[in-house]
**Student:** 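Before anything else, here's the structure in question.
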Amino acid sequence: MPDPLSEQELLDQERVRREKLTRLREAGIDPYPPRVERTHSIAQARALYEQGELGENDIVALTGRMISRRVMGKLSFAHIEDGTGKVQIMVRRDELGAEKYNRFFKKDLDLGDFIGVKGVMTVTRTGEVTCQVRDVTLLAKALKPMPDKWHGLNDPELRQRQRYLDLLVNHDVRERFKVRAKMIRAIRDYLDSEGFLEVETPILQPVYGGAAAEPFVTYHNYLHQQLYLRISFELYLKRLLVGGYDKVYEIGRDFRNEGISRKHNPEFTQLEFYEAYTDYNGVMARTEEMIAYVVKEVTGGLVITWQGHEIDFTPPWPRIPLRQAILDASGIDYDLYPDADSLRAVMREQGIDAPAEASRGKLIDKLLSHFVEPYLIQPTFLIDYPLDVSPLAKRKPGTKDIVERFEGFVAGMELCNAFSELNDPLDQLERFLAQGRALEAGDKEATPVDMDYINALSYGMPPAGGFGMGIDRFAMILTDQDNIREVILFPHLRPEKREDGKSEQ
RNA sequence: GGGCCGGUAGCUCAGUUGGCAGAGCAGCGGACUUUUAAUCCGCGGGUCGCAGGUUCGAUUCCUGCCCGGCUCACCA
């Protein structure tokens, strides 16, 4: 890779900025001074001025990036921006001094530079709150030109790879991640106020489990131990129920070694909570309550717009048995096909892709994703799932192969997944063994047997309901985005290709 | 991996039915004391993704490749 700082590689505009840097240093000005004088954030200064608390004798020191400049001879206007907002500054030659104004302000400063200004707050003839500047200092020089001030940065690849530029220039992106943070804060507020304990469990796990996914594998050099990045928190959180906590939750990162798509990133943020002495019906009610609380906190109401759809989160949400939903949408009643082969046959008759190696549960899941999921725009619970794809869920009484499980769908996406937790250690062991056999038979998403978890269950786990939700997807819904990359600051990207064709990293 | 779309100045984009490569912003020089996408005058800036082919001539047409986006497949 060429040295990004070598003279050879400089663009014309970068070369000019380097020359300014040299001039500044020759004039005894440190372009990256260690100290900053600041009395107010921009938002504070504006607010105080508008409240009449900053008079014409109150000197403020403001800081920010210079994002626009309009030089009109002996008078100039510019805007500076910090993390709280932007404000216009007015710079007069006779207030700054001819030397400093003509050379320093007009020539050596560029758009993108961080500057400090001292002056008084005032309002211009056009009514804009403005800092009338007595002195200007350079806080940090920018050596590269900013993206287009009007059109911003559109190139999707640059926006993801150089997110700092995207954020710098695209204010809606900056706002989006504030909404995301607010959403997560509201989730914590809700769960904390309901008596849940926030915990942290291992990311590096000797045995992975709790979901159907391929893991990332890593290695501890000093223990000579193979480890996996977690694919879920589930088995650790339920150990905490055994330990005596009634309500626990964790918000953190899961890692799944799978494809990237509009709805998938290899590492993603998950919320899981577990609650003793309830079941999936209780969890459904709590889900509605929590989501409604968060939506209201973040947006102010319960109805939002997502990609042109009005979505109403007002509880209660419809609860539809999975079998019924698939029957209504596809005409296929999977109860009539008690094994994978017969179900596969009827699916293929209808021209639906039905892989030979898929289990009955996976085929049902295929029907769900094909016929049902894309159309569930309004919040909807599908309930009662096949047992063979739900190895940690409690069997529904009176059934053989149905479990008490629901998934919540919004905006055509699976948002959350929950069930009555299986707490029968012997049943759990049998299901683990079935998973283990599937894993050995080549199902890469099956999980291995976790004997310590069986051991924990053997000491007794209270009846409980558990819940998992993709935070990123929820953020997509609340920020009106249709690609998960837009709500992850640094989404996973394929390695950047160099000119010689070798990849970096 | 398949299909579709794209890659032209730092940024956002036009354009060439094959004939000197364009605009706005940004930059440089100048004018300008109430602008705010400031304005006005002047200037610089390009491997038109890469390679090959057709042609007197290719940024434009053809082939291959690279890179990216969307989508399908994959994916609980």
Side-chain angles (χ1 to χ4, degrees), chain A residues 10-17 19-20 67-79 86-96 101 106-107 110-112 122-130 132 142-162 165 168-170 210-214 231-232 254 256-266 353 355 358-359 361-362 364-366 368-370 373 382 385-386 388-391 405 407 413-414 416-417 443-447 468 470 482-483 485 493-501 503:
Chain A
L10 292 182
L11 305 166
D12 282 357
Q13 295 194 41
E14 293 180 79
R15 207 179 299 270
V16 168
R17 289 181 182 222
E19 287 161 9
K20 293 176 178 180
I67 54 171
S68 66
R69 180 169 56 180
R70 299 171 290 284
V71 176
M72 286 169 304
K74 302 178 187 68
L75 169 71
S76 296
F77 293 91
H79 276 91
K86 64 179 179 177
V87 70
Q88 179 168 259
I89 63 172
M90 175 167 59
V91 185
R92 286 181 160 134
R93 195 180 71 175
D94 54 17
E95 279 185 292
L96 201 62
Y101 181 81
K106 279 170 63 176
K107 297 295 180 193
D110 285 296
L111 295 186
T122 183
V123 65
T124 60
R125 282 181 199 168
T126 55
E128 178 163 356
V129 173
T130 296
Q132 186 172 336
L143 294 181
K144 287 176 176 287
M146 298 296 111
D148 191 282
K149 70 175 178 185
W150 192 243
H151 298 99
L153 190 67
N154 281 353
D155 183 292
E157 185 181 11
L158 281 182
R159 287 191 51 235
Q160 312 296 333
R161 286 199 194 280
Q162 297 182 240
L165 275 186
L168 161 59
V169 81
N170 294 328
E214 263 187 272
I231 58 172
S232 88
D254 276 342
R256 296 186 184 174
N257 210 335
E258 296 168 347
I260 296 172
S261 82
R262 205 167 58 79
K263 294 189 279 190
H264 297 87
N265 195 58
D353 180 40
S359 69
K362 291 204 174 195
I364 290 171
D365 188 65
K366 238 182 186 353
L368 165 62
S369 0
H370 187 260
E373 179 173 13
L382 298 185
Y385 277 62
D388 80 84
V389 287
S390 314
R405 171 180 173 186
E407 290 186 317
M413 289 189 290
E414 177 197 336
C416 58
N417 177 27
D443 180 353
K444 290 177 177 169
E445 287 148 17
T447 50
D482 70 350
N483 195 312
R485 282 180 317 193
L493 301 170
R494 72 187 61 200
E496 199 164 5
K497 291 289 170 53
R498 296 193 299 188
E499 280 174 21
D500 61 10
S503 60

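First the proteins, then the strands, lettered A, B, ... as listed; each starts at 1.
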**Student:** If the threshold is 4.0 Å, N to carboxylate O, is there a salt bridge linking A:D388 and A:K362?
**Tutor:**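 Looking at A:K362 together with A:D388, the answer is no, because their closest N to O distance does not fall below 4.0 Å.
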**Student:** Paired with B:U63 by Watson-Crick or G-U wobble geometry, both distances under 3.5 Å: which nucleotide is it?
**Tutor:**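 B:U63 is paired, partner B:A51.
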**Student:** Which nucleotide sits closest to the side chain of A:K74: B:U12, B:U33, B:G27?
**Tutor:**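 Closest of the options to the side chain of A:K74: B:U33.
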**Student:** If pairing requires Watson-Crick or G-U wobble contacts with both distances under 3.5 Å, which nucleotide is the partner of B:G27?
**Tutor:**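 Pairing partner, where one exists within any strand: B:C43.
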**Student:** If you compare every side-chain N and O of A:N154 against the phosphate oxygens of B:C13 (OP1, OP2), does one of them come in below 4.0 Å?
**Tutor:**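 Looking at the OP1 and OP2 atoms of B:C13, one of them is under 4.0 Å from a side-chain N or O of A:N154.
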**Student:** Report yes if at least one side-chain N or O of A:R485 is closer than 4.0 Å to OP1 or OP2 of B:C70; otherwise report no.
**Tutor:**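 Checking B:C70 against A:R485, a side-chain N or O does come within under 4.0 Å of OP1 or OP2.
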**Student:** Would the base of B:G24 count as contacting A:D148 through its side chain, where contact means a donor and an acceptor less than 3.5 Å apart?
**Tutor:**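 Pair found.
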**Student:** Any donor-acceptor pair, under 3.5 Å, between the side chain of A:E128 and the base of B:U34, if you only look at N and O atoms?
**Tutor:**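 Looking at the base of B:U34, it does not pair with any donor or acceptor on the side chain of A:E128 (distance under 3.5 Å).
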**Student:** With a 3.5 angstrom cut-off on both distances, give the Watson-Crick or G-U wobble partner of B:C70, or none if there isn't one.
**Tutor:**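 Its partner is B:G3.
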**Student:** Side-chain N or O of A:N483 less than 4.0 angstrom from OP1 or OP2 on B:C70?
**Tutor:**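 Affirmative; the distance criterion is met.
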**Student:** What is the distance from CZ of A:R69 to C1' of B:C32, rounded to the nearest Å?
**Tutor:**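 That distance rounds to 15 Å.
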**Student:** Ignoring backbone atoms, test whether A:K149 places a side-chain nitrogen or oxygen under 4.0 Å from the OP1 or OP2 oxygen of B:A26.
**Tutor:**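 For B:A26, OP1/OP2 do have a side-chain N/O of A:K149 under 4.0 Å.
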**Student:** Rounded to the nearest Å, what distance is computed from the NE2 atom of residue A:H151 to the C1' atom of nucleotide B:C11?
**Tutor:**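 Going from NE2 in A:H151 over to C1' in B:C11 covers 9 Å.
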**Student:** Whether the side chain of A:S76 and the base of B:U35 hold a donor-acceptor pair under 3.5 Å is what I'd like checked.
**Tutor:**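 Checked by distance alone, the answer is no.
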**Student:** Does A:R262 make a side-chain N or O approach to OP1 or OP2 of B:C70 shorter than 4.0 Å?
**Tutor:**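 A:R262 to B:C70 OP1/OP2: no side-chain N or O under 4.0 Å.
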**Student:** Describe the nucleic acid contact of A:G152 in one word from base, sugar-phosphate, nothing, applying a heavy-atom distance below 4.0 Å.
**Tutor:**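 If one applies the 4.0 Å heavy-atom cut-off, A:G152 turns out to touch the sugar-phosphate alone, with no base involved.
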**Student:** Please check: side-chain N/O of A:T130 versus main-chain N/O of A:Q132, any donor-acceptor pairing under 3.5 Å?
**Tutor:**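 No: the side chain of A:T130 does not pair with the backbone of A:Q132.
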**Student:** Side chain of A:P156 only, heavy atoms from C-beta on: which candidate in B:U34, B:C11, B:G69 is closest?
**Tutor:**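 Nearest listed nucleotide: B:G69.
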**Student:** Which part of the nucleic acid does A:V71 contact within heavy-atom distance under 4.0 Å: base, sugar-phosphate only, or nothing?
**Tutor:**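 If one applies the 4.0 Å heavy-atom cut-off, A:V71 turns out to touch a base.
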**Student:** Go through the steps for A:R256 and A:E214 under the test side-chain contact (heavy atoms from CB on, under 4.5 Å), then give the verdict.
**Tutor:** CA-CA 6 Å; A:R256 296 186 184 174; A:E214 263 187 272; over 6 Å; no
**Student:** Please state the P separation for the pair B:C25 and B:G18 - nearest whole angstrom.
**Tutor:**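 Pairwise P distance, B:C25 against B:G18, rounds to 32 Å.
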**Student:** Please check if the side chain of A:Y101 supplies one atom and the backbone of A:L75 the other of a donor-acceptor pair under 3.5 Å.
**Tutor:**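 Flag set: sc A:Y101 to bb A:L75 pair under 3.5 Å.
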**Student:** So if I take every side-chain heavy atom of A:T124 and compare against B:A26, B:U34, B:C67, which nucleotide ends up nearest?
**Tutor:**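 Taking heavy atoms from C-beta onward, the closest nucleotide is B:U34.
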**Student:** Using the C1' atom as the reference point in each nucleotide, state the distance between B:G7 and B:C13 in Å, no decimals.
**Tutor:**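 13 Å, rounded to whole Å.
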**Student:** CG of A:D110 versus C1' of B:G10: gap in Å, rounded?
**Tutor:**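 Rounded to whole Å, this separation is 13 Å.
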**Student:** Take atom CD1 of A:I231 and atom P of B:C75, then tell me their distance rounded to the nearest Å.
**Tutor:**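 In whole Å, B:C75 P lies 15 Å from A:I231 CD1.
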**Student:** Need the pair for B:C56. Rule: Watson-Crick or G-U wobble, both distances under 3.5 Å, any strand; none if unpaired.
**Tutor:**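 Pairing partner, where one exists within any strand: B:G19.
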**Student:** Under a 4.5 Å cut-off applied to non-hydrogen side-chain atoms, are A:D365 and A:H370 in contact?
**Tutor:**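 In short, these two side chains do not touch, never coming nearer than 4.5 Å.
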**Student:** Need one value for A:K107: base, sugar-phosphate or nothing, where a base atom within 4.0 Å counts as base even if backbone is also close, heavy atoms only.
**Tutor:**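 Sugar-phosphate, backbone atoms only, no base.
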**Student:** From the set B:C32, B:U34, B:A37, return the single nucleotide nearest to any side-chain atom of A:K106.
**Tutor:**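 Between B:C32, B:U34, B:A37, the one nearest the side chain of A:K106 would be B:C32.
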**Student:** Got a donor-acceptor pair under 3.5 Å from the side chain of A:H264 to the base of B:C75?
**Tutor:**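 Pair found.
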**Student:** Please determine whether a side-chain nitrogen or oxygen atom of A:K20 lies at a distance below 4.0 Å from atom OP1 or OP2 of B:C28.
**Tutor:**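 Looking at the OP1 and OP2 atoms of B:C28, one of them is under 4.0 Å from a side-chain N or O of A:K20.
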**Student:** Between A:L158 and A:G259, which has a closest nucleotide on RNA chain B that is more 5'?
**Tutor:**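 Of the two residues, A:L158 wins.
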**Student:** Under 4.0 Å: is that the gap between some side-chain N or O of A:R161 and OP1 or OP2 of B:G68?
**Tutor:**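 Yes, such a contact exists.
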**Student:** Look at all strands and tell whether A:K444 reaches a base, only sugar-phosphate, or nothing, counting heavy atoms closer than 4.0 Å.
**Tutor:**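 If one applies the 4.0 Å heavy-atom cut-off, A:K444 turns out to touch nothing in the nucleic acid.
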**Student:** Test side-chain hydrogen bond (donor to acceptor under 3.5 Å, both in side chains) on A:E157 and A:Q162 and set out the steps.
**Tutor:** CA-CA 8 Å; A:E157 185 181 11; A:Q162 297 182 240; over 6 Å; no
**Student:** Measure the distance from CD on A:Q162 to P on B:G68 and round it to the nearest whole Å.
**Tutor:**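 These atoms are roughly 14 Å apart.
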**Student:** Within the structure shown, what part of the strands sits under 4.0 Å from A:A212 by heavy-atom distance: base, sugar-phosphate, or nothing?
**Tutor:**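 Since a base atom lies under 4.0 Å of A:A212, the category is base.
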**Student:** Determine the interatomic distance between P on B:G49 and the same-named atom on B:G15; round to the nearest Å.
**Tutor:**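 Here B:G49 and B:G15 have their P atoms 15 Å from each other.
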**Student:** Measuring only the P atom in each nucleotide, how far is B:A38 from B:A26? A whole number of Å is fine.
**Tutor:**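 These two P atoms come out 6 Å apart once rounded.
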**Student:** Tell me, do A:L493 and A:I260 make a side-chain contact under 4.5 Å, heavy atoms counted?
**Tutor:**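 They are not in side-chain contact.
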**Student:** Whole Å only: how far is the CG atom of A:L111 from the P atom of B:A26?
**Tutor:**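 Whole-Å distance recorded here is 7 Å.
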**Student:** When the C1' atoms of B:U59 and B:U54 are considered, how many whole Å apart are they?
**Tutor:**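 Roughly 16 Å separates the two C1' atoms.
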**Student:** Could you measure between the two C1' atoms, the one in B:G3 and the one in B:U17, and give it in whole Å?
**Tutor:**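 So the two C1' atoms sit 28 Å from each other.
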**Student:** What is the separation between atom CD on A:Q13 and atom C1' on B:G46, rounded to the nearest whole Å?
**Tutor:**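 Atom CD in A:Q13 sits about 14 Å away from atom C1' in B:G46.
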**Student:** Checking contacts here: which listed nucleotide (B:C74, B:G45, B:U35) is nearest the side-chain heavy atoms of A:Q88?
**Tutor:**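 Nearest nucleotide to the side chain: B:U35.
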**Student:** Counting the atoms with a prime plus P, OP1 and OP2 as sugar-phosphate, which does A:D94 contact under 4.0 Å by heavy atoms, base, sugar-phosphate, or nothing?
**Tutor:**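 It contacts base atoms.
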**Student:** Verify the contact: side-chain N or O of A:R70 to OP1 or OP2 of B:U35, cut-off strictly under 4.0 Å; return yes or no.
**Tutor:**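 For A:R70, the contact criterion (side-chain N or O under 4.0 Å from OP1 or OP2 of B:U35) is not met.
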**Student:** Taking the C1' atom in each of B:G30 and B:C48, what is the distance between them to the nearest angstrom?
**Tutor:**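 Per the computed distance, 33 Å lies between those C1' atoms.
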**Student:** Looking just at side-chain N and O atoms, do A:N417 and A:R405 make a donor-acceptor pair shorter than 3.5 Å?
**Tutor:**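 Yes, a side-chain donor-acceptor pair sits under 3.5 Å.
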**Student:** Can you tell me the distance, in whole Å, between the CG atom of A:L143 and the P atom of B:G10?
**Tutor:**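 Checked: the CG to P distance equals 17 Å.
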**Student:** Can you check the distance between B:G2 and B:G64, where both ends of the measurement are the P atom (answer in whole Å)?
**Tutor:**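 Here B:G2 and B:G64 have their P atoms 12 Å from each other.
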**Student:** I'd like to check A:R159 versus A:N170 (side-chain heavy atoms, cut-off strictly below 4.5 Å). Are they in contact?
**Tutor:**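 Of all side-chain heavy-atom pairs linking A:N170 with A:R159, at least one is under 4.5 Å.
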**Student:** May I ask you to check whether A:D254 and A:S232 show a side-chain donor-acceptor distance below 3.5 Å?
**Tutor:**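 Checked: A:D254/A:S232 side chains show no N/O donor-acceptor pair below 3.5 Å.
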**Student:** Please determine, for B:U33, whether a Watson-Crick or G-U wobble partner exists with both distances under 3.5 Å, and give it or none.
**Tutor:**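 The base-pairing partner of B:U33, which may sit in any strand shown, does not exist here.
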**Student:** Choose from B:C70, B:C67, B:A26 the nucleotide whose nearest atom is closest to any side-chain atom of A:E157.
**Tutor:**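 In terms of side-chain proximity for A:E157, the closest of B:C70, B:C67, B:A26 is B:C67.
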**Student:** To the side chain of A:L75, which of B:G29, B:U35, B:U34 is closest?
**Tutor:**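 Among B:G29, B:U35, B:U34, the one nearest the side chain of A:L75 is B:U34.
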